[in-house]
Number of protein chains: 2
Amino acid sequence: MRSGRIGIGLELDAVHLKILQVLRENGRISVAALAERVGISRANAYTRFEALRADGAIKRFTAEIDHVRAGLGITALIFVTVRQQMWKQFRAELARMPEVEYCAITTGQHDAMIQVRVSDVAEVHTLVTDRLAGIPAVKATETVFILDEVLKRPYVLPSDGPRPQRRQAPDPSPAEVPLGKMRFVGAAEGRAALRKE
Amino acid sequence: MRSGRIGIGLELDAVHLKILQVLRENGRISVAALAERVGISRANAYTRFEALRADGAIKRFTAEIDHVRAGLGITALIFVTVRQQMWKQFRAELARMPEVEYCAITTGQHDAMIQVRVSDVAEVHTLVTDRLAGIPAVKATETVFILDEVLKRPYVLPSDGPRPQRRQAPDPSPAEVPLGKMRFVGAAEGRAALRKE
DNA sequence: GTTGAAATTAGTACGAA
DNA sequence: TTCGTACTAATTTCAAC
């Protein structure tokens, strides 16, 4: 049942998820050892491993590198407001900036968030004023520095432990939760369908 | 020269960086194949590979998983304002939330940014109002959704291509760069030393 | 989906340059 | 340090159950 590339492709069962769970913690484990840890035969492990890879559930294997040791101790987030209908150009420019590790299009007052890693704070300034500001697609930016990366999980999976669903019966004496302080920010006006522009 | 764990430990040369470059694109490559691609002997590759691992330059190997295929198609960023001197509690609570993939402490108007992956938008709401709002350390939150992840590099390295330094001689006719629109946001008041509280 | 054996490949331990 | 080789151990493939 791999006619094209449409649909769900592979239905992930509990065993698949367990394989992913092991693999994301130790991407270099041998399939034999993987089989043992998951509790299946080696042949089965090979079959499922290959299926996960072919299906795209596993996109790639990678080494997590200590950027500080690698000489890139400064991490910053740059929130970018992009001029409408210039997304293509913006994406193209991003691809040419090696210090950009991550870029996501978001709802809210900004249009995109990019994460960069450089060796010192001055480089962030150079990057934003000389490179980003020079892109016509960039209307405005807002930069914050990352002081500490508290938590970084390789990848979140549905099987990752208790996922408390919506509270069925609220506490008899509901805690004084400052709901008014919880804001959800939708997309800015005029940004209905900007994906894959 | 590995007395304790202090100092730079290992001085990374060009070969080390090339090894990291290969490994972050293909974390499961054999050391033999790695040696060939880098252009060194197998013995040397084993030595350096082990040194990078022992030194911590390579933190771990991991599988990149397609979260959509894994059933977690919704990604959101939650910007959190944390009550001073309650960071420890905040961190502890985060560790108990499996849907949190990333958390960084930032400068700017918020104190932390967390990235979560869930299966539907309703879960984000539940997460923020039921779980996050229930943590005393959390003063306020602001949530945005990620519409598309444009770029995701395994890890940025200093050797990743041309890193244009500060422009030596500016263009004769300087482009009309809206510098006034480029904001740098420092830490909020009273947050001098909040790392590792 | 499992087990067990053959073929291949990976990892280790040397001495030499 | 790095390289090359030989040796040992492990993994992957493939077969039959």
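The sequence lines fix the lettering, A, B, ..., with proteins before strands; numbering per chain opens at 1.
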- Item | chain A contact limits on DNA chain D, taken 5' to 3' with a cut-off of 4.0 angstrom to heavy atoms |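 The contact span of chain A on DNA chain D goes from dT11(D) to dT13(D).
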- Item | For Leu72(A), the rest of its hydrophobic cluster, which grows through side-chain links under 4.5 angstrom |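 Leu72(A) shares its hydrophobic cluster with Val156(B).
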With sequence neighbours excluded, residues passing side-chain hydrogen bond (donor to acceptor under 3.5 Å, both in side chains) with [X]:
| X | value |
| --- | --- |
| Gln115(B) | Tyr102(A) |
| Ser119(A) | Glu123(A) |
| Asp160(B) | Arg24(B) |

- Message: Check whether Arg69(B) reaches the backbone of Leu52(A) with its side chain - one donor and one acceptor, N or O, closer than 3.5 Å.
- Response: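 Absent.
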Test: [X] and [Y] ion pair at under 4.0 Å:
| X | Y | answer |
| --- | --- | --- |
| Arg83(A) | Asp111(A) | no |
| Arg153(A) | Glu101(B) | no |
| Arg131(B) | Glu99(B) | yes |

Are there any protein N/O atoms within less than 3.5 Å of an N/O atom in nucleotides 1-5 of chain C, and if so, which ones and at what distance?
{"from": "dG1(C)", "atom 1": "OP2", "to": "Asn44(A)", "atom 2": "OD1", "distance (Å)": "3.2"}
{"from": "dT2(C)", "atom 1": "OP2", "to": "Ser41(A)", "atom 2": "OG", "distance (Å)": "3.0"}
{"from": "dT2(C)", "atom 1": "OP2", "to": "Asn44(A)", "atom 2": "ND2", "distance (Å)": "3.0"}
{"from": "dG4(C)", "atom 1": "N7", "to": "Arg42(A)", "atom 2": "NH2", "distance (Å)": "3.1"}

- Enumerate the residue pairs fulfilling salt bridge (Lys or Arg N to Asp or Glu O under 4.0 Å) with a member in residues 26-49 of chain A, sequence neighbours excluded, ordered by first and then second residue.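 Found Asp13(A)-Arg48(A).
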- Bend angle of the helix from dG1(C)-dC17(D) to dA17(C)-dT1(D), from helix axes over five pairs at each end, nearest 10°: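 Rounded to the nearest 10 degrees, the bend comes out at 30°.
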- Item | ring pair (Phe, Tyr, Trp, His ring centres under 6.0 Å): pairs with one or both residues in residues 22-44 of chain A, sequence neighbours excluded |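 Non-adjacent pairs meeting ring pair (Phe, Tyr, Trp, His ring centres under 6.0 Å): zero.
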- Message: Quick test of your reading: applying side chain to side chain donor-acceptor pair (under 3.5 Å), list the pairs with at least one residue in residues 58-67 of chain B, sequence neighbours left out, ordered by first then second residue.
- Response: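 Residue pairs passing side chain to side chain donor-acceptor pair (under 3.5 Å), neighbours aside: Arg60(A)-Glu64(B), Glu64(A)-Arg60(B), His67(B)-Arg117(B), His67(B)-Glu149(B).
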- Message: Under 4.0 Å, heavy atom to any atom of DNA chain C: which of residues 15-38 of chain A qualify?
- Response: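 Going residue by residue through residues 15-38 of chain A, none turns out to have a heavy atom under 4.0 Å of DNA chain C.
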- Query: Does Phe145(B) have any ring-ring contact (aromatic ring centres under 6.0 Å, His included) partners at least two apart in sequence or in another chain, and if so, which?
  - Reply: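 ring-ring contact (aromatic ring centres under 6.0 Å, His included) list for Phe145(B), sorted by chain: empty.
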